[in-house]
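A quick write-up on the structure given underneath.
As the structure lists them, so they are numbered: ligands from 1, and atoms in each ligand from 1. Quick note: numbers below take in every heavy atom, side chains included, and nothing from hydrogens, waters or symmetry partners.
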Amino acid sequence: MTGESLEELAVRLFDAGAVRLGDIEAKLGRRTPIYFDLRVIVSHPKLMMAICRQLQNLAKEIPHDILCGVPYAALPFAAVMSVNTNTPMIMKRKETKLYATKKILEGVFEKDQKCLIVEDVVTSGGSLLEAVTTIRAEGLQVSHAVVVLDREQGGASVLKANGVQVKSVYTMTNLVKILRNAGRISDETAEIVSDHIKECQFGYSV
Ligand SMILES: O=c1ccn([C@@H]2O[C@H](COP(=O)(O)O)[C@@H](O)[C@H]2O)c(=O)[nH]1
């Protein structure tokens, strides 16, 4: 049992300010009519717990020994999941530490352990793929990721082509539908977002 419907949770996310609407600058200067700022959740412990329960629900179907959150936004999610499920966690640094331990992964792990990646939002899949590449280079196995939101812009396909299956709590389509039904976003905004998702797709390239 996760204790709360996805509909109720989506509205609480919106009301907490996790959904920004307008002409917003996203990663690498891209423009988007909708941006999900799930970093605000650290200020809402009950919301954090509710989101993590949903992620744990997805994670329980996936065999794994260890968790790793993609820095920085997903680190708190991975930490809460780790404590809730008594599953060890590792932390990927953005850059290798330049002194003392000179590590890129913090925490204790063994080669061939199955690492489940935790991420907040997937757009192109680039951030998640970078984490996967680093973790695999350290000898761990990565075949799955659990994410709060798949923006349905091609990232999940890019990751699949790289051997990572993505399971998401929400897709952009169902989240927008829920928020529209709850009166939080207008029909016009929903249409603008739908057009943006169709037009702004990321493909697989090596
Ligand atoms: O609505 C959004 C979209 C993206 N993010 C952040 O960007 C990366 C995901 O983008 P990729 O292109 O898949 O790398 C992710 O780490 C998010 O933190 C966001 O917060 N909100």
Can you name the residues that form a side-chain hydrogen bond (donor to acceptor under 3.5 Å, both in side chains) with T134, not counting sequence neighbours?
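Expected list: none.
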Please indicate whether M48 has more than 12 foreign heavy atoms, meaning atoms of other residues, nucleotides or ligands, lying under 6.0 Å from its CE.
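It does: M48 CE has more than 12 such atoms within range.
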Quick check for you: to the nearest 0.5 Å, what is the distance between N174 atom CG and E7 atom CD?
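That separation rounds to 8.5 Å.
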Give the cluster check for V19 versus V147: same hydrophobic cluster or not, with ILVMFWY residues linked at side-chain heavy-atom distances below 4.5 Å.
no
Which pairs count as side-chain hydrogen bond (donor to acceptor under 3.5 Å, both in side chains) when at least one residue sits in residues 146-156, sequence neighbours excluded?
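Sorted pair list: T32-R151, R151-Q153, E152-T173.
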Please identify each residue that fulfils salt bridge (charged side-chain N to carboxylate O under 4.0 Å, His left out) with E106, with sequence neighbours left out.
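E106 satisfies salt bridge (charged side-chain N to carboxylate O under 4.0 Å, His left out) with R93 once adjacent residues are dropped.
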Go ahead and list the nitrogen or oxygen contacts between ligand 1 and the protein that come in under 3.5 Å, distances to 0.1 Å, or just say none.
| unit_1 | atom_1 | unit_2 | atom_2 | d |
| --- | --- | --- | --- | --- |
| ligand 1 | 1 (O) | F36 | N | 3.0 |
| ligand 1 | 1 (O) | R151 | NH1 | 2.8 |
| ligand 1 | 12 (O) | S124 | N | 2.9 |
| ligand 1 | 12 (O) | S124 | OG | 2.6 |
| ligand 1 | 13 (O) | T123 | N | 2.8 |
| ligand 1 | 13 (O) | S124 | N | 3.1 |
| ligand 1 | 13 (O) | G125 | N | 2.8 |
| ligand 1 | 14 (O) | K27 | NZ | 2.5 |
| ligand 1 | 14 (O) | S127 | N | 2.9 |
| ligand 1 | 14 (O) | S127 | OG | 2.6 |
| ligand 1 | 16 (O) | E119 | OE2 | 3.0 |
| ligand 1 | 18 (O) | R39 | NH2 | 2.9 |
| ligand 1 | 18 (O) | D120 | OD1 | 3.2 |
| ligand 1 | 18 (O) | D120 | OD2 | 3.0 |
| ligand 1 | 20 (O) | Y35 | OH | 3.1 |
| ligand 1 | 20 (O) | F36 | O | 3.3 |
| ligand 1 | 20 (O) | R39 | NH1 | 3.2 |
| ligand 1 | 20 (O) | R39 | NH2 | 3.3 |
| ligand 1 | 21 (N) | F36 | O | 2.7 |

